[in-house]
A.B. asks: 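Okay, here's the structure, questions in a sec.
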Number of protein chains: 2
Amino acid sequence: MKKTVSIEKRKTFRHGDLRNALVTAGLDMARAGGPNAVILREATRQAGVSPNAAYRHFANQAALLDAVRSACISRVAAAIEEEMSKPRVARDPQMFARKSLRAVGMGYLGFAMREPGMFRTAFSVPPPVYEQNSANTASMGLNPFQLLSLALDRMLESGLLSRKDRKDAEYLAWSTVHGLALLVLEGPLHKMPREIVLTLGERLVVMVERGIS
Amino acid sequence: MKKTVSIEKRKTFRHGDLRNALVTAGLDMARAGGPNAVILREATRQAGVSPNAAYRHFANQAALLDAVRSACISRVAAAIEEEMSKPRVARDPQMFARKSLRAVGMGYLGFAMREPGMFRTAFSVPPPVYEQNSANTASMGLNPFQLLSLALDRMLESGLLSRKDRKDAEYLAWSTVHGLALLVLEGPLHKMPREIVLTLGERLVVMVERGIS
DNA sequence: CTATGAAGTAGACATCGTCCACATACGCTA
DNA sequence: TAGCGTATGTGGACGATGTCTACTTCATAG
């Protein structure tokens, strides 16, 4: 239980990179136990620093949590990007668009199953991203929402989606996989086997593809 | 801020109905602030009782939260039932089935918008309801999941759904509205206006109807 | 009428977030 | 190069929460 990671009893008075150390520690806790497990004091402990030192870098524990969440969102974006980059060749534009949408959905779901704690942390309470984007990106420079938009744009361009149906389609598609993920991670479907979840995910994507237009 | 509800400084040593009083207090807190706001000590305070008294009725605060969640789920079920009972006449079976599904979805979403705290409490962490039902019902004696199943059965019976597509369809449909609700309540769509949410909800139901078969 | 056990009380402890006052030493300026 | 201002950490304290171990009260079964 007592993990006490990396407490080298630093000799310099200054830590040198405390802010980062705290976020990293917070990320570990988030990974292991979700947003509620991100304890400010524990983070300072792991960084080998007194509790109050944290307040030189974060206004309060909510601010720390916020930084951790931001990191988590980036991970989600990275997972989606990786899934999107899998299909090497993409000759048929429509097939390409379809595969893109599928990749976004399954990348999202896959990450949720692989890293429940980080996923739950990424999408909890206070980041009003509606009509507003601030970082949280991965290598491609896009956040999860923007990656989804990209996939939907490909569907529009390839003629799979009318301009009218394209509007706000991200919210429809997003709701779908997000719902499944949360029902499984912190909802009544807690005990559903992961493989079944992914199978349902595939059906979900098909459903979106068919029902959205 | 200080609500201090109903502290009549009871004269009898026994409270008489403490368990219920605690759940009620917990429900109030859940309504106001979601699952994290359900504080054991505060509940005992509102019941006019010492903190430890709670331990005569609940093993720990998690157990109290569990009771509160159960109550919240019943409320959800009630909301859905009400929405389902609205369409008086139902001549065409297919139309009836469609309306039923719509009612479940919109009842669910509507409750989420009306009672965010209770909704968030209802579907958080630990009630493994997958392949298992224990109470949490409303007047009709069905929990939200069973009400959804009922609607889908109507679609099957009226020929709107093949037997194959009917299988596990509840998870697909459920994920959809649940996702939208949570993205809005405790996710990035926090600031999305309620009316827009409901409009998206309608589109979502249509999407399910079309894409599910 | 009594004793037994369920329901409540009292006090204590560890942990958390956070505030205030104080200490340290990095790096710029004179 | 000496000195100093301030960013960064430390120490101690406070109130709040969950929970543990006694102790008390009293309704009721025998």
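Source: prediction; values computed, not measured. Numbers restart at 1 for each chain; the letters A, B, ... are given by sequence-line order, proteins then strands. Values reported hereafter were calculated over all heavy atoms of this structure, with side chains retained and with hydrogens, waters and symmetry mates removed.
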A.B. asks: What are the 5'-most and 3'-most nucleotides of DNA chain C lying under 4.0 Å from any heavy atom of chain B?
C.D. replies: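 For DNA chain C, the relevant span reads C:dG5 to C:dG11.
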A.B. asks: Can you list everything that forms a side-chain hydrogen bond (donor to acceptor under 3.5 Å, both in side chains) with B:Glu81? Sequence neighbours excluded, please.
C.D. replies: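 Per chain and number, B:Glu81 pairs via side-chain hydrogen bond (donor to acceptor under 3.5 Å, both in side chains) with B:Ser139.
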A.B. asks: My understanding is that only residues two or more places apart in sequence, or in another chain, count here; which of them pass salt bridge (charged side-chain N to carboxylate O under 4.0 Å, His left out) with B:Arg102?
C.D. replies: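 Listed in chain order: B:Glu83, B:Glu202.
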A.B. asks: Does A:Glu115 pair with A:Arg31 as a salt bridge, N-O distance under 4.0 Å?
C.D. replies: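 Yes, A:Glu115 and A:Arg31 are salt-bridged.
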A.B. asks: Could you pull out all donor-acceptor pairs under 3.5 Å where a side-chain atom in residues 103-112 of chain B meets a protein atom, sequence neighbours excluded?
C.D. replies:
from     : atom 1 : to       : atom 2 : distance (Å)
B:Tyr108 : OH     : B:Trp174 : NE1    : 2.8
B:Tyr108 : OH     : B:His178 : ND1    : 2.7

A.B. asks: Among all residues two or more places apart in sequence or in another chain, which pass the side-chain contact (heavy atoms from CB on, under 4.5 Å) test with A:Ser149?
C.D. replies: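 So A:Ser149 forms a side-chain contact (heavy atoms from CB on, under 4.5 Å) with A:Phe145, A:Arg166, A:Glu170.
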A.B. asks: Which string of ( ) [ ] | and . matches DNA chain C, if you list each base 5' to 3' and count Watson-Crick or G-U pairs only when both distances are under 3.5 Å?
C.D. replies: ||||||||||||||||||||||||||||||
A.B. asks: Sequence neighbours left out, what passes side-chain contact (heavy atoms from CB on, under 4.5 Å) with A:Asp168? Give chain and number order.
C.D. replies: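 A:Asp168 satisfies side-chain contact (heavy atoms from CB on, under 4.5 Å) with A:Tyr171, B:Leu200, B:Arg203 only.
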A.B. asks: Roughly, in whole Å, what's the span from CG in A:Leu40 to C1' in D:dA16?
C.D. replies: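 Atom CG in A:Leu40 sits about 16 Å away from atom C1' in D:dA16.
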A.B. asks: Sequence neighbours left out, what passes side-chain contact (heavy atoms from CB on, under 4.5 Å) with B:Thr199? Give chain and number order.
C.D. replies: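 By the side-chain contact (heavy atoms from CB on, under 4.5 Å) rule, B:Thr199 matches no residue at all.
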A.B. asks: How would you summarise protein contacts on nucleotides 8-15 of chain D per nucleotide, using B for base, S for sugar-phosphate only and - for none, with heavy-atom distances below 4.0 Å?
C.D. replies: BBBBB---
A.B. asks: Once salt bridge (charged side-chain N to carboxylate O under 4.0 Å, His left out) is applied, do any residues pair with A:Arg98, and if so which ones, sequence neighbours excluded?
C.D. replies: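 For A:Arg98 the salt bridge (charged side-chain N to carboxylate O under 4.0 Å, His left out) partners, ignoring immediate neighbours, are A:Glu209.
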A.B. asks: Rounded to whole angstrom units, what separation is found between the CG atom of B:Asn36 and the C1' atom of D:dA16?
C.D. replies: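 Atom CG in B:Asn36 sits about 15 Å away from atom C1' in D:dA16.
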A.B. asks: Under the side chain to side chain donor-acceptor pair (under 3.5 Å) rule, what pairs show up with a residue in residues 13-22 of chain B, not counting sequence neighbours?
C.D. replies: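 Residue pairs passing side chain to side chain donor-acceptor pair (under 3.5 Å), neighbours aside: B:Asp17-B:Asn20.
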A.B. asks: In chain order, what residues pass the side-chain hydrogen bond (donor to acceptor under 3.5 Å, both in side chains) check against B:Thr44, with sequence neighbours excluded?
C.D. replies: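 Result, side-chain hydrogen bond (donor to acceptor under 3.5 Å, both in side chains) vs B:Thr44: none returned.
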